[in-house]
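A quick note: this is a predicted structure, and the numbers were derived from the prediction, not measured. Lettering of chains follows the sequences in order, A, B, ..., and the numbering in each one begins at 1.
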Amino acid sequence: MDIGMEPGNEWVDSRYAHVMRRLNVSSALGALGIHVLIALSVHDKLRSVLWVLGSLAIMVPVNMWITTVLLEKRGVALAETIRLAANIVAALVVNSAIGWPVTVWLWLPFIAITFDGSKRLTNWTALIAMCLAVDTLALVDHVPWIAPLAFTALAGFCRVIAETRIGIARDMLERSERQREALNEAHTSLHIAMASLTRESRARERAELELRNSQKLEAVGRLASGVAHEINTPLQFVTNSAQFVGEAVDDLLQAFDRVRSDPTREGVEKAASDIDLDYLRTNAPEAVGLIIEGVNRVSAIVASLKEFAHPGSAEKTEVDLNHSIETALLVSKHEYRYIAEVKTELGTLPAVRCHPGEIQQVLICLVVNAAQAIAETTANGERGLIVVSSFVSANDVIVSVSDNGCGIGESLRDKVFEPLFTTKLGTKGAGQSLCRARSIVVDKHGGKLDFTPRAGGGTTFRMQLPLSAKGIEDKRAA
Amino acid sequence: MKSVLFIDDDSMVLRALERTLRPACKEWRMVFALGSSAALATLEAESFDAVVSDLSMPGMDGAALLARVRAKSPKAVCILLSGGARSGLTPVDGVADEVLTKPCGAKDITACLMRHFEALG
């Protein structure tokens, strides 16, 4: 029977060889024991038994050595031949020494259960041929027929036991090998999955960082261009008015010179009409008024910008939130002025401890989002309405920003505060991330930022900031 | 006499322009329109040799307005006066012959208009 192994399966090979070596020894000793017992009980010949034992004591190691070491070095054919020859010689020596033919039979099962290397049993044909040869010889030699029959049967029996055991061992080995491979595979795929997870999470972290940076830059850029517009418009009329006033002053000085040289009534009238004095009289003060107005507008914007751009100090400070709201509205004016009218309903508030720059970012974010929501629905220069209100509720200050814009669809409500959330894929982009706003309010100030759909369309965002102990005291005092 | 329409959504800008451009009124007829809807009404009624418009305005913005002027009278000189909100705007964008950036003095505006009128002959 050939139960050969697939080549290359080294682990199974080595385990198998190990089991086989043990099987060799135990089978051989088992057979030996049985033979000795039979010999002792049937013939009662101690000298013969000692001979047999001695020969076995020599031949077992010899057989072992041949089937392991020699076989590996010289190949199967030579090893088996030597083994067979050695066993026959041993049998003959013992037989002739003690004149007891029974010993010849001892070698039949012994040969039957020895192995061709540690991989397969010598095949059945060879075994049967060998048994036939030995049996024939024995019968010719007038050995009683029962002896060859018994030992041949014993040889076959041992052979079957050995095969069964090899089968079981091999089956178990294969099963454990399969398990080992499955485990190995699982381990490998786990490794791969873990590596890709790590890669993904790193990539995501990087993407989030980049997004946050680009959002910051974008917000600054938008603000800068909006603020440029807010400043350049007053500068336009300031420039024009200053030029006008300058020319008017030149005209007046020239007229004055002419009047000084010709102080007659006609001279004065002529000078006045040449410079269009009546026009100047109404327009020059108005132009000066415009200059002052323009300069005031610019300085208000610059003042709020300065406040906005103030590097966030690590410490929280007491802040008038209403003032922050007004500043945020001024700075983000360009975002909503053509889209919506802004109404403020600001209640009396105690000072709130917060990082003013960051809270202003949140307020600007809410206002810009409201404006964008309105821009989604309105067209043709129609303007929506943004209502910003502030009030105190229990121990919190609440600022709400309501718009009558497009509202937030049911399916998007859970995603609004996610880092990558945006409904605008165009140039307006995710510049005003509500995620960052939420993180500022919740993580840095222990407040809340949420929203509710507004009846009749639109959304109301609510920022809730806790009052400090001092704020609560102020509130009681008020 | 050339006619020029000035459009801006800030009345103060228009008033200041009107005053500072007063010396030019001997050469040009100047009309000032507050916001794009007023400008559209004026443009319905008459046509102009040149239109100088603010860029950012509620409703129709300057670029759209000038595109409409272009469609109606292809020979009109179209000038955009940008507040700087949209940087990088160039005449190549097709709507304007020239883009001026606020703040912009009277001399710059008149020089720009003269240049374009002369080019037209």
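- Comparing B:Ile109, B:Val13, B:Leu14, B:Asp8 by heavy-atom pairs within less than 4.5 Å of chain A, the highest count is held by B:Val13.
- For A:Thr239, the part lying under 4.5 angstrom from a heavy atom of chain B is the side chain only.
- Atoms CG and CZ, on A:Asn240 and B:Arg19 in that order, are 10.0 Å from each other to the nearest 0.5 Å.
- Per-residue heavy-atom pair counts under 4.5 Å with chain B were compared for A:Asp276, A:Ile291, A:Val238, and the maximum is reached by A:Asp276.
- Environment of CZ in A:Phe256: sparse, with no more than 12 heavy atoms of neighbouring residues, nucleotides or ligands closer than 6.0 Å.
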Exercise for the section: Using the side chain to side chain contact (heavy atoms under 4.5 Å, CB included) rule, take B:Asp9 and A:Tyr338 through it: C-alpha gap first, then chi angles, then the decisive distance, then the call. Expected result: CA-CA 10 Å; B:Asp9 65 313; A:Tyr338 299 139; 3.0 Å; yes
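- The neighbour count for B:Arg70 CZ, taken as heavy atoms of other residues, nucleotides or ligands under 6.0 Å away, is above 12.
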Exercise for the section: Let me see the working for A:Thr233 and B:Met12 under side chain to side chain contact (heavy atoms under 4.5 Å, CB included), right down to the final yes or no. Expected result: CA-CA 9 Å; A:Thr233 298; B:Met12 296 188 187; over 6 Å; no
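- Counting heavy atoms of neighbouring residues, nucleotides and ligands inside a 6.0 Å radius, atom NZ of B:Lys72 exceeds 12 of them.
- Shown here is B:Arg115, whose CZ atom has more than 12 heavy atoms of other residues, nucleotides or ligands within 6.0 Å.
- Here B:Arg22 contributes atom CZ and A:Leu280 contributes atom CG; the two are 7.5 Å apart, rounded to the nearest 0.5 Å.
- In terms of heavy-atom proximity, A:Asn232 sits nearest to B:Gly83 at ND2-O, 2.9 Å.
- The backbone N or O of B:Thr20 sits nowhere less than 3.5 Å from a side-chain atom of A:Gln243 that would complete a donor-acceptor pair.
- Annotation: A:Lys333, atom NZ; neighbour count of heavy atoms from other residues, nucleotides and ligands within 6.0 Å does not exceed 12.
- Open room surrounds CD on B:Glu44; 12 or fewer heavy atoms of other groups in view lie less than 6.0 Å from it.
- Residue contact with chain B, scored on non-hydrogen atoms closer than 4.5 Å, is absent for A:Glu230.
- Here CG of B:Asp54 is found 9.0 Å from CD of A:Gln236. Values are rounded to the nearest 0.5 Å.
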